[in-house]
Amino acid sequence: MNKFLSIFLISLFFLAACGGNTGQQSAEPETKPEVAEETPTVSATQLAAGETVFKTYCMACHMADGMGVPGMNPPLSKTEYVNGDKDRLIGIVLNGLTEPLTINGETYSGIMAPHSFLSDDDIANVLTFVRSNFGNSSGPVTAAEVAARRAKQ
Amino acid sequence: MNSFLPVSGVTLMQKFAWRWLLPVVLPGFLFLSCQTTEPAGQELPAALADNGGISLPSGFGAVLVTDTLDKGARHIAIRDNGDIFVKLKQTANGKGIAVLRDSDGDGAADQKEMFANFTGTGMRIHNGYLYASSDTTIFRYKLNENTLLPDTIGELIASGFPVQRSHASKTLAFDGVGNMYVNIGAPSNICQTEDRVAGSVGVDPCPQRDRQAGIWKFSDSQPNQTQTEHGVNYARGIRNAVALSWNTSTNSLYALQHGRDQLNTLWPEKFTDADNEILPAEEFLQISEGDDFGWPYCYFDQNQNKKVMGPEYGGDGKEVGRCEGVKPPIVAFPGHMAPNDLLFYTGNQFPESYKNGAFIAFHGSWNRAPLPQAGYFVVFVPMTDGKPSGDWQVFAQGFPQIPEVKNPSEAAFRPVGLAQGPDGSLYISDSVKGRIWRIMYYGV
């Protein structure tokens with residue numbers, strides 16, 4: 001029963017972590033996040049390079065439309081995990097994710113493999129691509145930001 | 001059980017009639033034939049014009065038992081009195097199991113109760129108890145004579161399973177002579193050194209086979225069992241058998257394996273997207289004690305009709321090597337379709353060709369991207385003496401409500417659980433909205 005409790009508490013934690021935007025996402029899909037106002041420009045070259053990385057390493061699980069797989073692989077669309085703290089997002093790509101997480105009431109139990117073998121440029125490009133697609137517009141990630149996060153490992 | 005008119009009896013009766021009493025016996029015979037397709041004393045509710053959004057073979061129709069379990073369903077189980085237990089995908093008001101009753105016989109449930117504070121997939125009725133599992137624990141609840149709810153204080157039957165995120169469903173089967181069989185899935189895709197990392201080789205021997213990737217046998221009634229103290233490793237080398245069922249006509253265990261993912265993305269130099277679309281096979285297994293089906297070392301290639309070594313263990317898609325002699329499936333379905341429940345039909349309502357055949361609910365694939373997904377249907381495998389007696393055929397389809405699924409999240413409904421009602425109706429549950437269909441045979 002202790003295991004139950006801990007799984008439940010972890011789920012609650014994640015629910016709380018992304019609870020702030022759940023209602024807004026489904027009710028007002030047209031609304032852009034406020035950060036869009038100050039978004040630095042995203043280069044077409046970076047987007048194209050990011051799309052290539054996405055198709056090779058991400059699409060199999062997160063699907064071509066970034067909507068993920070119910071119950072298994074989380075969506076990349078309009079979630080705080082993608083559009084929020086860049087450091088956390090880069091960390092997920094580098095280290096993978098083995099804890100269950102809950103987004104919009106759906107729990108995802110799939111295991112994400114670490115992708116630290118990708119270069120700083122590749123990670124920056126793919127995250128920029130993801131943050132500029134699937135209904136997201138939260139701005140680029142730079143190779144320098146990836147390098148800085150990697151240095152903390 | 002209700003079949004009182006075996007084929008040999010008909011033959012005898014016909015011979016008897018031919019000589020003496022044709023005018024009397026023939027009408028009686030015709031009357032009795034009708035009784036074999038429609039249960040005595042019970043009118044079937046009229047089918048919905050659209051069968052609740054699915055298509056069925058000619059002569060079959062469906063009603064909706066419920067459309068209001070919006071948390072999504074997993075496995076279902078039906079009592080002798082027709083009450084339907086539904087395992088929910090997520091708890092609703094803190095409850096994980098719903099019980100439904102159709103008290104007026106119109107096909108739609110009109111009474112509902114909820115109990116138990118956990119979710120999960122496995123659930124079967126056995127010996128007057130409802131057995132239900134979370135991903136880590138198996139409980140049973142004593143059924144009550146008159147009430148919808150069973151005794152809601154569950155009895156802990158087995159626990160102490162490895163805690164795992166992937167393939168955690170503890171699905172259940174019973175042999176009727178005191179044993180319970182439990183699926184303990186592999187905690188990874190294919191036992192790589194690094195799970196799901198491209199090019200990462202397989203661990204050899206794979207330690208995940210010690211307590212996972214197989215079927216374990218327990219007592220069906222002893223409380224407080226644990227896997228390590230009481231569980232017997234009945235069969236090995238099965239990646240994940242969500243669909244697990246005992247065949248009472250042959251007294252044998254059967255399962256369907258969810259085959260490995262990502263041949264193409266983990267080994268792009270050896271497998272194309274088109275290879276991965278259909279490989280490896282989803283295997284329909286007949287399981288005897290001590291069997292080893294070869295996960296993670298081997299997979300079944302239905303095009304070559306043999307088990308071959310996986311690329312994590314040095315395979316190139318053709319080499320058999322260590323997989324020589326590993327037990328093959330009885331039916332090899334195309335890849336990734338996610339078989340989630342198996343039911344051997346023992347009822348008298350459907351035509352005779354369905355008797356003892358297998359219905360299989362395919363939840364539908366995700367791992368075929370970028371190519372279109374497949375599955376999302378219920379198939380039927382005709383069987384005689386526990387072996388397929390013909391090609392498998394799609395029985396119920398159209399669940400997604402769209403012609404082509406690119407992403408599982410687009411599917412309106414996904415079949416996940418199967419159960420047989422006391423009158424021989426087939427019930428199908430859905431994991432997206434918790435819709436439940438009751439399929440009936442009305443005659444052509």
Side-chain angles (χ1 to χ4, degrees), chain A residues 1-8 10-12 14-15 26 51-78 93-118 122 134, chain B residues 71-72 74 89-91 94 117-119 121 134-137 156 159-169 187-189 192 194-200 261-266 268 273 276 338 363-373 405-411 414 416 431-432:
Chain A
M1 293 311 266
N2 282 336
K3 283 165 189 161
F4 269 135
L5 188 64
S6 56
I7 288 168
F8 177 69
I10 289 168
S11 308
L12 264 188
F14 278 102
L15 187 63
S26 51
E51 183 171 12
T52 305
V53 178
F54 180 81
K55 283 184 172 167
T56 311
Y57 297 104
C58 316
M59 191 172 70
C61 297
H62 292 289
M63 301 285 124
D65 61 2
M67 290 307 290
V69 178
M72 297 185 62
N73 310 322
L76 303 174
S77 173
K78 300 178 194 166
V93 175
L94 289 172
N95 302 316
L97 197 63
T98 51
E99 311 94 53
L101 54 86
T102 302
I103 296 173
N104 289 342
E106 175 97 23
T107 302
Y108 297 89
S109 62
I111 287 165
M112 176 163 158
H115 284 67
S116 52
F117 58 88
L118 292 173
D122 279 348
F134 318 129
Chain B
K71 294 292 181 181
R74 296 292 290 178
K89 195 172 74 175
Q90 294 177 28
T91 55
N117 62 357
F118 59 91
T119 57
T121 297
S134 71
D135 288 346
T136 53
T137 310
L156 194 158
S159 64
F161 301 104
V163 174
Q164 59 194 85
R165 270 183 79 184
S166 295
H167 310 146
S169 294
S188 69
N189 176 25
Q192 290 172 284
E194 288 184 278
D195 193 20
R196 296 183 191 269
V197 170
S200 176
D261 304 323
Q262 292 180 273
L263 278 170
N264 57 338
T265 52
L266 298 180
D273 290 347
N276 180 72
H363 197 220
S365 69
W366 62 271
N367 189 226
R368 290 182 172 215
L371 298 166
Q373 306 298 342
V405 177
K406 294 288 275 185
N407 176 340
S409 63
E410 299 166 350
R414 303 179 71 184
V416 63
S431 71
V432 182

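Just so you know, these numbers come straight off a predicted model, no measurement behind them. Residue numbers start from 1 in every chain, and the chains themselves are labelled A, B, ... in the order their sequence lines are given, proteins ahead of strands.
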Next on the checklist: Could you report the tightest heavy-atom contact between B/Pro408 and A/Met63, atom names first, then the distance?
Outcome noted: CD-SD, 3.8 Å

Checklist entry - Nearest 0.5 Å, what's the CG-OG distance between B/Leu266 and B/Ser200? => result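 Rounded to the nearest 0.5 Å, the CG-OG separation comes to 8.5 Å.
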
Item to check | B/Asn276 vs B/Leu371 side-chain heavy atoms within contact, under 4.5 Å | outcome: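 Counting from C-beta outward, B/Asn276 and B/Leu371 never come under 4.5 Å.
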
Quick one: what part of [X] sits under 4.5 Å from any heavy atom of chain A, side chain, backbone, both or neither?
| X | value |
| --- | --- |
| B/Thr265 | side chain |
| B/Gln373 | side chain |
| B/Glu410 | side chain |
| B/Pro268 | neither |

Item to check | Most contacts with chain B, counted as non-hydrogen pairs under 4.5 angstrom, among A/His115, A/Met59, A/Met112 | outcome: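 Ranked by heavy-atom pairs under 4.5 Å with chain B, first place is A/Met59.
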
So what's closer than 4.5 Å to chain B heavy atoms on [X]: side chain, backbone, both or neither?
| X | value |
| --- | --- |
| A/Ala60 | both |
| A/Pro114 | both |
| A/Met72 | side chain |

Checklist entry - Are side-chain N/O atoms of B/Ser169 and B/Thr121 paired as donor and acceptor at under 3.5 Å? => result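 B/Ser169 vs B/Thr121: donor-acceptor pair found between side chains.
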
Next on the checklist: We want to know whether B/Thr119 and B/Thr91 form a side-chain donor-acceptor pair, criterion being a heavy-atom distance below 3.5 angstrom.
Outcome noted: no

Checklist entry - Looking at A/Ser77, A/Pro75, A/Pro70, which hits side-chain contact (heavy atoms from CB on, under 4.5 Å) with B/Ser409? => result A/Pro70

